[in-house]
Participant: 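Can you keep this structure in mind? I'll have questions shortly.
Because the structure is a prediction, the values reported are computed rather than measured. Chain letters run A, B, ... following the sequence lines, proteins first, then strands; residues in each count from 1.
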Amino acid sequence: MLLEFQRTIKQEMCSAIKSLFDLDLTPADITVESPPKVELGDLAFPIAFQLAQRLKAATGTKQNPRQLAEKLGNSLQNIKGVKRIEIAGAGYLNFYLDRANFLAKLSTEKESLVLDEITGGKLIVEHTSINPNKAAHIGHVRNAVFGDSIVRLLKASGENVEVHNYIDNTGVQVADVVVGFKYIEKKSLQEIAATEEPFDYYCWDLYAKVGKFYEESPGNQRLRAATLHEIEQNEGDTAEIAEYISQRILVCHLKTMWRLGISYQVLPRESDILHLNFWQTAFEKLKQNNAIYFETEGRNNGCWVMRADDARDEKREEKGAENEYEADKIIVRSNGTVTYVGKDIAYHLWKLGQLGLDFYYKPFYTYPDGHTVYITTTEKDNNVQNFGNGVAYFNVIDVGQSYTQNYVKLGVKLLSVDNRVERSSHLAYEKVVLTPESARELGYELSEQESKRSQISMSGRKGLGVKADDLINKLEEKALIEVQNRQKDATDQEQREIAHKVAVGALRYFLLKFTRNTIIAFDFSEALAFQGETGPYIQYAVVRIGSMFRKLAEIGEETTDPLKDSDLEAISALFELEEAESGWSGKYLWSIIHQASRLKDVLRTSVKTLEPTHVAKYAYQLAATFNEFYNMKVDSKVSYKVLGEPDPNRRRLLIALVAYVGQQLESALNLLGVEVPAKM
RNA sequence: GCGCCCGUAGCUCAGUUGGAUAGAGCGUUUGACUACGAAUCAAAAGGUCGCACGUUCGAGUCGUGCCGGGCGCACCA
C-alpha cells in the first residue's frame with residue numbers, strides 16, 4: 001500500500017520537476033524515507049537537496065533547497081490519497097496521507113506482497129548442501145535457515161523458485177567415514193547397516209576418530225586416497241558402503257531440517273554428475289570457447305587452467321612470457337582428472353539449462369506433509385521432471401569459499417551467451433563460531449592458544465560443534481517447561497506442539513537477526529533465550545492478538561466486517577483528535593498503522609539486499625510497538641483497551657488496527673519460516 | 001606478500017542507494033500482574049560511531065593512510 005503511494009508520488013514529482021526545472025529524473029532517482037517522527041509526516045523526500053545540486057551543475061547558480069521544496073510542494077497539491085504536504089527542516093518535503101482512507105483501504109483489500117521488479121523466470125536456490133558423512137551442526141543450520149528464508153522471500157515477492165540441496169556423496173569426507181567403518185571398526189556393509197540410530201551422531205564420533213587414525217601412520221593416509229578412488233570409480237563394496245552411508249545420513253539431515261520447516265524439491269548428487277559425463281561435455285565447451293588453456297611449461301605444465309578475470313588482458317601482457325600468472329586456476333590436473341571448480345562449472349551450466357544434458361530422477365523421501373523430494377540418478381525411467389533450466393541461481397555457501405566460487409562463476413560466464421548468469425551469484429554468509437565458553441560447555445579442552453582467542457572454529461574433524469538436533473532438543477525441552485506452566489489445560493500432545501513452534505521460532509529468529517556477513521559467536525544462553533529480541537517475543541504478540549479476537553467472538557461481536565464509507569468520517573475525526581492531543585507523546589494509533597503498513601517495503605529491501613534480517617527487525621519492532629499499545633496504562637492519560645472501549649467508532653478503529661497488525665506480523669513471521677501457535 | 005570482511009553503549013548487534021536529535025536486546029538499578037494472559041510494560045544509567053586527514057550543503061555510511069581483529073590465496077572439496 002505504502003509502495004503504491006510512493007510510486008504515484010514519485011511519478012508526479014518527476015513530471016513536476018520536468019516542467020518546473022527542466023530536469024529529467026526517473027522515479028528511481030528519487031529517495032524516500034520515513035520521517036524521524038510521525039508528527040513530521042508519513043513520507044519524507046530530501047529531493048530539494050538533490051535538485052539544488054543538479055541545478056548548480058546545470059546552471060552554475062546556487063539555489064536554496066527550502067525554496068525549491070516550496071516550489072515543488074506547491075505544484076504537487078492534488079495527489080490522490082495525500083492530505084497535505086509540508087516543508088520541514090532545511091528543505092524536506094513531507095507528505096501526510098489521508099489516514100482514514102488509508103486504513104479503510106487496508107481493511108477492504110488484502111494486500112499482495114508481489115513486487116514490480118520480479119525476474120520473470122525460474123530462480124534456483126541451492127542451500128544446506130551438507131557433506132553426507134556426519135550430523136548437521138549449528139553452522140549448517142545457519143546455511144539452511146538463511147537459504148530457506150531467501151526462498152520464502154523470493155516466493156512471496158512473486159518469483160518462481162526451485163529449491164536444491166546438493167549432495168557431495170563422492171568426496172573425501174564420505175570417504176573418511178568409509179575408512180572408519182572399514183579399517184578402524186572392520187565392519188561389513190551388513191554390520192554397518194545394523195548401527196543403531198542416531199546414525200549421524202555415530203558417524204560424527206567416528207569421523208573424529210578417523211582424523212587421529214590418519215596421524216598414526218602414512219599407510220593409513222594412503223587408505224584414504226585409495227578409498228576415494230574406489231568411490232569415484234564406483235568399485236566394489238567400498239562404493240556400496242559409501243552409497244549406503246551417504247544415503248542414510250542424508251535422510252538424517254532431511255529429518256533434522258524438516259524439524260525447522262525446511263524442505264527441498266530435488267537433491268542433485270555429485271556421483272551422477274560424474275557418471276552422466278557432465279564434465280566431458282562442459283570440458284569441450286570450455287575448450288571451444290577458449291575459456292581454458294593447456295599449459296606446456298612452467299609450474300602448471302600439463303594442466304588445463306583458467307585465468308582470473310583481471311588476468312585475462314593487460315596484466316598478463318605485463319607479466320611477459322612466463323606462462324604462470326599466479327592467478328591461474330587449475331581446472332584439469334596433469335593426470336587428467338578434473339578439480340572441484342571444473343565439476344562445479346559443469347553443474348551450474350546444467351542449472352541454467354546450457355549443458356544439453358540432464359539427470360534422471362526418482363522419488364527419494366516423502367515428508368510428513370506428503371510431498372516428495374526427488375533425487376538424481378543415472379537409471380533411465382519414466383520419471384520425467386523439469387528440474388534445472390533456471391534463468392539465475394543463488395548458491396548459499398559460506399564466505400570462505402568466495403575465492404573458488406569466483407572461478408566457478410567466471411567459467412559459467414565465459415560460456416554464457418546472454419547476461420542471465422550475471423544475476424546469478426554465490427550468496428555468501430559468515431560462519432557460526434564458538435566462544436571459548438561455549439566450547440568448554442561442550443566438553444572440549446582448549447589449548448593455550450585457543451583459550452586466548454575470542455572465537456573457536458567448529459571442526460567436524462575434531463568432533464567440535466553444536467549438533468543441530470541437540471540444540472533443537474534443548475530448545476524444545478526448555479520451551480516445554482514454560483508451556484507446562486502456562487497452558488495447564490492443554491493435552492500433552494498440544495503442549496509439545498506449542499513447545500516445538502516456540503523452539504523453532506527462537507532458533508530461526510536467532511540466526512536471522514544478524515546480517516549475512518556477521519560472524520555469529522554462538523552463545524548458549526543467547527540462543528536459548530525466549531525473552532527480549534527473540535522469535536517467541538513476536539509470536540507472543542500475535543498470540544495476544546489472537547486471544548483478543550477469540551474473546552470478541554465469545555461475546556458474539558462480529559469483527560470480520562471491513563470499515564464502511566459511513567465509518568470514515570468518524571474515524572477521520574478520531575485521528576484528528578489524536579493529532580491535536582500531542583500530550584499522548586507520539587503514541588498515535590496512526591503511527592502503528594503506518595509502521596505496520598511498511599511490510600512490503602521491507603520485503604523489497606530484503607529481496608534487493610538478500611538480507612532476511614530486515615524483515616526480522618521489522619517484525620520485532622512492530623511486535624514491540626503493539627506490546628506498548630497493549631500495555632498502555634489507564635492512569636497515564638490514555639489507554640487502548642479494545643474490549644472495554646465503549647465508543648463504537650473508536651472500538652471499530654481499534655479492532656481494525658489490531659487485526660491489521662496481527663496480519664502483518666504473521667506475514668512477516670511466515671517469511672522467516674516462523675509459525676505462530678494458537679496459545680503459548 | 002596479495003585479496004576480501006569487520007571495528008558503533010559494559011556485552012551481542014541494527015543502522016535503509018550519504019540525510020533531520022546514532023537505535024535495539026542482554027546485563028545493571030528502580031517500579032507495574034484481583035490480566036484484552038507479565039514469554040509483557042514503564043523509568044534510569046550507559047557513545048570523541050578504532051584513529052587521522054579528505055570529498056560534500058550534510059559522513060556511522062564515500063575516498064586515502066594508519067592501528068587492531070578475522071578469513072581466504074592447493075594438481076582438497
Participant: Tell me whether the side-chain N/O atoms of A/Tyr540 come closer than 4.0 Å to OP1 or OP2 in B/rC36.
Facilitator: no
Participant: From A/Phe45 CZ over to A/Glu33 CD, what is the distance, rounded to the nearest 0.5 angstrom?
Facilitator: 9.5 Å
Participant: Report which part of the nucleic acid A/Asn94 touches: base, sugar-phosphate, or nothing (heavy-atom distance under 4.0 Å, all strands).
Facilitator: base
Participant: So what does A/Ile519 hit on the nucleic acid, given a heavy-atom distance under 4.0 Å: a base, only sugar-phosphate, or nothing?
Facilitator: sugar-phosphate
Participant: By nearest atom, which of the nucleotides B/rC36, B/rC75, B/rA38 is closest to the A/Val642 side chain?
Facilitator: B/rC36
Participant: Using the P atoms only, state how far B/rG70 lies from B/rU64, rounded to an integer number of Å.
Facilitator: 24 Å
Participant: Taking the six-membered ring of A/Tyr620 as reference, does the NZ or CZ atom of A/Lys513 fall below 6.0 Å from its centre and within a 45° cone about the axis?
Facilitator: no
Participant: For B/rU29 versus B/rU34, give the span between their C1' atoms, rounded off to a whole number of Å.
Facilitator: 29 Å
Participant: Quick check on RNA chain B: between A/Glu270 and A/Phe514, whose nearest nucleotide comes earlier from the 5' end?
Facilitator: A/Phe514
Participant: Looking only at side-chain atoms of A/Thr518, point me to the closest of B/rG25, B/rA14, B/rU12.
Facilitator: B/rA14
Participant: With the side chain of A/Thr605 defined as its heavy atoms from C-beta on, choose the nearest nucleotide among B/rU16, B/rA39, B/rC57.
Facilitator: B/rU16
Participant: What's the closest nucleotide to the side chain of A/Asn627 if the choices are B/rG37, B/rC41, B/rU16?
Facilitator: B/rC41
Participant: Looking at the side chain of A/Arg544, which of B/rA77, B/rC75, B/rA38 is the nearest nucleotide?
Facilitator: B/rA38
Participant: Is any side-chain nitrogen or oxygen of A/Tyr340 closer than 4.0 Å to OP1 or OP2 of B/rA77?
Facilitator: no
Participant: What nucleic acid atoms does A/Gln621 come within less than 4.0 Å of, heavy atoms only: base, sugar-phosphate, or nothing?
Facilitator: nothing
Participant: Salt-bridge test for A/Lys617 and A/Glu533: reply yes if a basic N is under 4.0 Å from a carboxylate O, no otherwise.
Facilitator: yes
Participant: Respond yes when some side-chain nitrogen or oxygen of A/Ser402 is under 4.0 Å from OP1 or OP2 of B/rC4, and no when none is.
Facilitator: no
Participant: On a whole-Å scale, what distance lies between the P atoms belonging to B/rA52 and B/rU8?
Facilitator: 16 Å
Participant: Look through every strand shown and name the nucleotide pairing with B/rC13 as Watson-Crick or G-U wobble, where both distances are under 3.5 Å.
Facilitator: B/rG23
Participant: What distance separates A/Ile498 CD1 from A/Gln484 CD, expressed to the nearest 0.5 Å?
Facilitator: 10.5 Å
Participant: In whole Å, measure the gap between the P atoms of B/rA22 and B/rU30 for me.
Facilitator: 30 Å
Participant: On the nucleotide B/rC73, are OP1 or OP2 found under 4.0 Å from the side-chain N or O atoms that A/Thr404 carries?
Facilitator: no
Participant: Classify the nucleic acid contact of A/Val483 as base, sugar-phosphate or nothing, counting any heavy atom under 4.0 Å across all strands shown.
Facilitator: base
Participant: Using OP1 and OP2 only, check whether a side-chain N or O of A/Thr515 sits under 4.0 Å from B/rA14.
Facilitator: yes
Participant: Categorize A/Asn133 for me: base, sugar-phosphate, or nothing, with a 4.0 angstrom heavy-atom threshold over every strand shown.
Facilitator: nothing
Participant: From C-beta outward on A/Asn517, which listed nucleotide comes closest to its side chain: B/rC6, B/rA24, B/rU12?
Facilitator: B/rC6
Participant: Return whichever of A/Val32 or A/Glu430 has its heavy-atom-nearest nucleotide of RNA chain B closer to the 5' end.
Facilitator: A/Glu430
Participant: Check whether A/Tyr293 forms a cation-pi arrangement with A/Arg307 (NZ or CZ under 6.0 Å from the six-membered ring centre, at most 45° off the ring normal).
Facilitator: yes
Participant: Taking atom types as modelled and ignoring hydrogens, do the side chains of A/Glu270 and A/Thr170 form a donor-acceptor contact shorter than 3.5 angstrom?
Facilitator: yes
Participant: Mind calculating the distance between CZ (A/Phe530) and C1' (B/rC26) to the nearest angstrom?
Facilitator: 16 Å
Participant: How would nucleotides 29-35 of chain B be written as a contact map, 5' to 3', with B for base contact, S for sugar-phosphate-only contact and - for no contact, using protein heavy atoms under 4.0 Å?
Facilitator: ---S---
